Visitor: 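What follows is a structure written as structure tokens; I'll ask about it next.
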Amino acid sequence: MGKTVIQDKIHKINECLVTLGANPDKNINTLVGLCGELLKSDCSLYLHPNGNTLNLQAHWNLPKGFTCRFDTDNNIFNNLIKSKTETIQVINNLSKTSYVKNDVFIKENNFNAFAGVKVKHPDKSPGVLGVFYKKDSSLSEEDKRALDIISLAINVEEQRKFAQKEKELYRIRLIQNEKMAGIGTLASGVAHEFNNMLQIIDGYAKHANKTNKPEDIREALEIILETTAEASKIVKNLLAFSKQDKKEKELCIVSDLADSVLVLMERQFTKRNIEIKRKYEKDQFAFVNKAEMQQAFLHIIMNARDALLPDGGALTVSVKKDHDNIEISFADTGKGIPKEDLPRIFEPFYTTKGSLGEGSVEGRGLGLFVVYGIVQNQGGRIEFASKQGHGSTVRIFLPEVKKDETRSEEGKNEARKKKEILGPGPLNILVVDDEVNIRKLLVKHLEKKGYKVKDSESAKEALKMIKNEIYHIVFLDYIMPGVKGTEVIDEIKTHSPHTKIIISTGIENSEIIKAFKKESQYEFLEKPFTMDEVDEKIKKLTGDTNG
């Protein structure tokens, strides 16, 4: 009879095990429920420690209204964890032990018997799988064996969960390492370009300083302005890659994301006889993680460059609508990939480059693996097509987001409201920046636009000025010696809550700046910025179109 009972219980356990899915947490909950049913208990629980607290991981038939945390030292689970025993522990007559007074869970639910066993955990102290009875219960040997088997099954699921976490951490580290490797490649090219730009700026500035001809001075200034604008664009796009990955997604124009990467690579491509062709349909929107998508585009573009070396060729980047998706295509005229290698193209550490492949260009075989993961995280898909000797095409498909066309009219109404709030007369503006030349430039530009402008070189001095006068707008350098930027902002809020603040900063990714960005009172100027951007920020905050 006993043999039939244990065989029946093992059969039920086996039936349960073969139906478990890919989610370890869900599987553990199923196993805890099976434990309670097979052992005919009133309640079954699985807990494991986290600091001074025992966290309830899974349960079956939990008493209604239960809110108790297992955070006291004198409870039955903690005592089992701390004990040296590795076997199943059975305690009857709980009403005659100290637990009935000190263990809230036992006391509130009138439990009188407990059976539990430790469950090994891969990254912390062991947990406990336990069952409770209202009446005394003498666990049979088949019950103990069933409890032991289920505890081992939970341990396996914990191992799976731990492995999944480690795999995800490994993936994140791979992405960040590849990201930094990409930045290194970009930086070497950008440094070369910056040396050329500095040579142009320095040379034409000195030439303008020596010449007396107005036309030569005008030409020098135009070339300097063009060169600094190009340098500014490169710096901003390079900074985007240097930031850690963000989890947040945002509405982006897909062609702008692609272009932000192409801007960094275009000069390198031109010097290597690689032509970049752009084919963009107007303003295709997607809701994506901006930094991750730029990273994906970077790797695809770098792969295309390597495929086109040393002879050159063309890379065509297109963005178009494809049913409910946006298709981003990167087509090169390079070497192509052999047909037999195509099924492995997204595998980690597979490459046709460097020491791992047959090519002369260095490669680690992680680029497309990282791209594949990024695209999946955005809810998209990726396709790769290639023919040896005829080039390769990478296609990314992202879910399209249709821009609300009513927003433009709402924006106009909002601008009119802002204008009405400001009242008549020119805007009163305060510029706070410890960099004297930046401050002077802003003051001159704003005064030329017809605004009333005052300036301060220190945050401490600015605080006094804010207390004595109301300003429509404050341009604030966030990082200044002496007083923290947050203190200046708090002071503005206290004395003039309607004042708008434009923060100039190079630390856009800080948690404080992220918090500020959620409020409509603030706008941000990333250094280096242009005077056109200054005008745009004023217009956005106030609706003022002066000048």
Side-chain angles (χ1 to χ4, degrees), residues 205 208 214 217-218 220-233 235-236 408 411-459 461-466 468-480 485 488-489 491-493 495-506 508 516-517 519-547:
I217 295 173
R218 191 179 300 110
L221 288 174
E222 287 176 356
I223 291 172
I224 289 171
L225 286 171
E226 288 174 3
T227 306
T228 54
E230 192 172 353
S232 175
K233 189 185 290 186
V235 167
K236 285 184 178 180
S408 58
K412 292 177 184 177
N413 293 334
E414 183 64 23
R416 284 194 288 269
K417 289 178 183 177
K418 289 175 181 176
K419 188 75 173 178
E420 290 168 4
I421 292 169
L422 292 171
L427 293 176
N428 194 22
I429 298 176
L430 175 63
V431 177
V432 187
D433 200 310
D434 61 325
E435 291 289 343
V436 61
N437 289 325
I438 294 177
R439 192 172 72 253
K440 282 183 178 180
L441 179 62
L442 271 172
V443 170
K444 285 182 179 181
H445 175 76
L446 295 170
E447 285 180 340
K448 189 177 179 181
K449 290 286 183 178
Y451 303 127
K452 289 171 58 181
V453 188
K454 291 185 179 179
D455 66 289
S456 172
E457 66 179 356
S458 74
E461 181 187 18
L463 289 176
K464 294 178 183 178
M465 298 173 72
I466 289 163
N468 296 324
E469 189 171 353
I470 299 297
Y471 297 94
H472 293 115
I473 296 176
V474 174
F475 281 85
L476 176 65
D477 181 12
Y478 187 74
I479 302 296
M480 294 180 66
V488 181
I489 291 169
E491 198 70 28
I492 295 171
K493 283 183 175 180
H495 291 276
S496 181
H498 296 296
T499 295
K500 304 298 184 181
I501 303 170
I502 299 176
I503 299 172
S504 59
T505 178
E508 184 197 3
F516 285 150
K517 281 197 166 186
E519 301 183 39
S520 61
Q521 186 179 357
Y522 309 103
E523 279 296 322
F524 296 85
L525 282 169
E526 287 187 63
K527 294 181 177 179
F529 53 82
T530 67
M531 295 304 105
D532 286 342
E533 288 175 307
V534 169
D535 294 341
E536 186 62 34
K537 297 299 180 184
I538 293 174
K539 182 179 177 181
K540 189 173 180 181
L541 279 178
T542 68
D544 189 273
T545 56
N546 195 8

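Heavy atoms only: backbone and side chains are in, while hydrogens, waters and symmetry mates are out. Source: prediction; values computed, not measured.
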Visitor: Could you pull out the closest heavy-atom pair between K454 and Y471, with the gap in Å?
Guide: CD-OH, 3.7 Å
Visitor: Between E533 (side chain) and T530 (backbone), is there a donor-acceptor pair under 3.5 Å?
Guide: yes
Visitor: Check step by step if side chain to side chain contact (heavy atoms under 4.5 Å, CB included) holds for F475 and V534.
Guide: CA-CA 10 Å; F475 281 85; V534 169; 3.6 Å; yes
Visitor: How far does CD1 of I492 sit from CD1 of I473, to the nearest 0.5 angstrom?
Guide: 11.5 Å
Visitor: To check you understand the geometry: which heavy-atom pair defines the closest contact between L225 and T228, and what is its length?
Guide: O-OG1, 3.0 Å
Visitor: Measure the spacing between CG of D433 and OH of Y478 and express it to the nearest 0.5 Å.
Guide: 15.0 Å
Visitor: For a side chain to side chain contact (heavy atoms under 4.5 Å, CB included) check, start with the C-alpha distance between L442 and F529, then their side-chain angles and the critical distance, and finish with the verdict.
Guide: CA-CA 11 Å; L442 271 172; F529 53 82; 4.3 Å; yes
Visitor: About how many Å separate CD of E469 and CG of N428, when rounded to the nearest 0.5 Å?
Guide: 4.5 Å
Visitor: Does I538 form a side chain to side chain contact (heavy atoms under 4.5 Å, CB included) with I502? I'd like the steps, not just the answer.
Guide: CA-CA 8 Å; I538 293 174; I502 299 176; 4.2 Å; yes
Visitor: For a quick test of reading the model, state the closest non-hydrogen atom pair linking I466 to H495 and the distance between them.
Guide: O-CB, 4.2 Å
Visitor: Which is it for E523 and K500 under the side chain to side chain contact (heavy atoms under 4.5 Å, CB included) test, yes or no, and what are the steps along the way?
Guide: CA-CA 8 Å; E523 279 296 322; K500 304 298 184 181; over 6 Å; no
Visitor: How many angstroms lie between OG in S456 and CG in D434, if you round to the nearest 0.5 Å?
Guide: 10.0 Å
Visitor: Side chains of I489 and K493: does their closest heavy-atom pair fall under 4.5 Å?
Guide: yes
Visitor: Just verifying a value: how many Å separate L446 CG and L441 CG, rounded to the nearest 0.5 Å?
Guide: 9.0 Å
Visitor: For P426 versus H472, what's the shortest heavy-atom pair and its separation?
Guide: O-CE1, 3.9 Å
Visitor: Counting distance only, does the side-chain N/O of T227 pair as donor-acceptor with the main-chain N or O of I223 below 3.5 Å?
Guide: yes
Visitor: Hey, could you give me the CD1/CG distance between I429 and D455, rounded to the nearest 0.5 Å?
Guide: 12.0 Å
Visitor: Closest heavy-atom contact between S504 and D477?
Guide: OG-CA, 3.3 Å
Visitor: Kindly give the heavy-atom pair with the smallest separation between L463 and E491, and that separation in Å.
Guide: CD2-CB, 3.5 Å
Visitor: Given side chains that start at C-beta, do those of H445 and D535 come closer than 4.5 Å, heavy atoms only?
Guide: yes
Visitor: Is any side-chain heavy atom of V488 less than 4.5 Å from a side-chain heavy atom of V432?
Guide: no
